Number of protein chains: 2
Amino acid sequence: MARLPEYLRALHNLAETGHETVSSEGLANAAGVNSAKLRKDLSQLGSYGTRGVGYDVGLLIDQIEYVLGLTQRRAVALVGVGNLGHALAGYDGFASRGFRIAALFDADQERVGEEINDLVVLHIDELPRVAAEESIAIGVIATPAAAAQRVADQLVAVGVTSILNFAPCVLSVPDGVDVRKVDLAIELQILSFHEHRKASLTALPAAGGSALTALPGGLAVTESQEAIGT
Amino acid sequence: MARLPEYLRALHNLAETGHETVSSEGLANAAGVNSAKLRKDLSQLGSYGTRGVGYDVGLLIDQIEYVLGLTQRRAVALVGVGNLGHALAGYDGFASRGFRIAALFDADQERVGEEINDLVVLHIDELPRVAAEESIAIGVIATPAAAAQRVADQLVAVGVTSILNFAPCVLSVPDGVDVRKVDLAIELQILSFHEHRKASLTALPAAGGSALTALPGGLAVTESQEAIGT
DNA sequence: CGCGATTTGTGCACGTCTTCACAAGCGCCT
DNA sequence: AGGCGCTTGTGAAGACGTGCACAAATCGCG
């Protein structure tokens with residue numbers, strides 16, 4: 001499930017604050033989900049809490065980390081050292097949560113050789129060589145949209161089977177390769193939609209006016225407060 | 001729907017390449033979704049394509065932009081000018097897709113006064129003054145997790161009703177305020193999970209071994225190829 | 001003017017996810 | 001040892017999203 005990482009983060013917080021056990025209710029609050037949902041998710045793990053007490057924080061962390069495949073520190077290749085790539089290369093959240101940025105690549109010779117966080121930016125053509133030396137299963141694309149598909153192909157060619165794509169475009173990859181997309185502008189646009197909706201609702205208590213004016217009110221938005229969908 | 005922004009991006013691409021109309025099939029491919037799903041989404045808009053021809057690209061862009069509330073350029077306040085905040089402040093994808101970063105804030109006096117993209121970083125205490133001058137409805141939090149809740153409270157206090165949160169923590173906000181969360185490490189962990197799953201499946205054709213070893217295979221992952229869920 | 005090719009809009013059925021509600025189990029206190 | 005309160009695990013019901021398949025509609029061409 002896609003919620004496990006959120007549970008894991010909440011659990012680490014709890015562990016740091018000295019909690020040894022936690023109830024489903026407590027963990028659910030910390031992770032921002034329903035307690036029944038959380039229990040069902042954890043039961044899928046084969047995890048066992050103790051009735052009347054709750055879950056053992058340390059044990060649960062181990063279990064989730066195992067299921068997520070975080071027992072080994074996975075090597076990640078980051079392609080595209082522009083504005084966003086720079087930030088990602090320097091983001092310590094990766095290192096602290098089970099990942100190691102193994103190499104930085106860029107197609108721009110201007111950027112090749114630059115050093116970020118003790119890592120030197122390599123030219124993208126060096127990707128096959130580096131991939132042969134280190135086992136890289138995850139690639140991060142932080143290039144402009146125009147270059148993203150080409151980079152994806154190159155990553156797949158050297159054996160990468162999971163890609164995190166920050167470029168605003170759809171990637172086509174072979175079966176067996178997973179792609180997750182993060183588009184920062186889209187996130188804002190979704191918020192803008194809710195803004196517009198809220199504004200329309202307060203301005204027009206009873207829906208009326210032209211077809212266009214009635215549109216946003218007509219769109220059914222089921223439940224979106226505190227959407228944790230990423 | 002959360003897919004509208006994706007359609008919009010694909011439509012802009014099509015418009016730039018000279019297309020005046022597009023079929024649901026064509027647009028669905030460009031956006032990475034099913035064509036039936038796309039038609040159903042668009043029908044919710046009250047949008048009308050022409051049977052036998054398709055949709056008018058320009059008209060559809062206008063409609064979607066209207067529904068998303070992008071007819072006005074929305075002002076965004078960005079709080080936290082660290083590694084990630086820096087990148088977000090310089091990201092031109094915001095400006096080109098309907099948003100204007102109106103102000104940058106940070107709590108660190110070291111960073112106050114710094115200039116990024118023609119914008120000067122202000123101290124967070126100036127937020128009320130700036131908010132009074134400009135109508136800011138959307139806030140972006142790019143601070144460490146420890147500061148996020150406090151910043152969220154401050155944003156809500158000055159009338160912000162939509163928050164994009166990059167800090168790895170759950171925010172609690174009053175009803176009527178929308179929060180979207182983007183956690184970069186979580187995205188990687190989800191990919192790691194799929195990696196682990198793929199590795200287990202190839203290594204253990206028939207499930208066997210200890211309970212722990214059998215776990216990842218036992219987790220049902222319905223359909224995740226090319227996940228476009230953000 | 002009529003016909004065929006094409007594409008939209010949608011009814012329907014299916015599978016999934018979510019939530020409620022409650023029985024079963026565990027520990028603690030007396 | 002027994003009872004009581006608390007918490008887990010799960011069955012069932014409902015909401016929701018998804019995709020198929022087809023009727024209705026439009027255009028172009030002869």
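Letters go in sequence order (proteins before strands), and every chain restarts at 1. Only a predicted model underlies this, so the values are computations on that prediction, with no experimental measurement involved.
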Look at the side chain of A:Lys40 and the base of D:dG11, then say whether one donor and one acceptor between them are separated by less than 3.5 Å. yes
Should the pair A:Arg3-A:Glu6 be classified as a salt bridge under the 4.0 Å nitrogen-to-oxygen rule?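 Answer for the salt bridge query: no.
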Do NZ/NE/NH1/NH2 and the carboxylate oxygens of A:Asp183 and B:Arg97 come within less than 4.0 Å? yes
Would you mind telling me which residue lines up with the more 5' stretch of DNA chain C, B:Val22 or A:Gly52, judged by nearest nucleotide? B:Val22
Taking the nucleotide of DNA chain C with the nearest heavy atom to each, does B:Gly49 or A:Arg39 sit closer to the 5' end?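 The residue mapped nearer the 5' terminus is B:Gly49.
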If you count heavy atoms of other groups shown closer than 6.0 angstrom to CD of B:Gln72, is the number above 12?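 It does: B:Gln72 CD has more than 12 such atoms within range.
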Without decimals, in angstroms, what is the distance between [X] [atom1] and [N] [atom2]?
| X | N | atom1 | atom2 | result |
| --- | --- | --- | --- | --- |
| B:Asp41 | D:dC16 | CG | P | 16 Å |
| A:Glu25 | D:dG9 | CD | C1' | 15 Å |
| A:Asp56 | D:dT7 | CG | P | 16 Å |
| A:Leu38 | C:dC20 | CG | C1' | 16 Å |
| A:Gln44 | D:dG11 | CD | P | 11 Å |
| A:Arg3 | C:dT16 | CZ | C1' | 12 Å |
| B:Leu42 | C:dG9 | CG | P | 8 Å |

Does OP1 or OP2 of [N] have a side-chain N or O of [X] closer than 4.0 Å?
| X | N | result |
| --- | --- | --- |
| A:Tyr48 | C:dC26 | no |
| A:Lys37 | C:dT19 | yes |
| A:Asn34 | C:dC20 | yes |
| B:Arg51 | C:dT10 | no |
| B:Ser24 | C:dT8 | yes |

Starting at the 5' end of DNA chain D, which residue's closest nucleotide do you reach first, A:Ser43 or A:Val53? A:Val53
Just checking, any donor-acceptor pair under 3.5 angstrom between side chains of B:Thr161 and A:Glu195?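 Yes, because at least one side-chain N or O of B:Thr161 sits under 3.5 Å from a partner of the opposite role on A:Glu195.
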Will you find, in the side chains of A:Gln149 and A:Asp153, an N or O donor that is under 3.5 Å from an N or O acceptor?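 Yes, because at least one side-chain N or O of A:Gln149 sits under 3.5 Å from a partner of the opposite role on A:Asp153.
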Closest to the B:Ser23 side chain, choosing from C:dT8, D:dT26, D:dC20: C:dT8
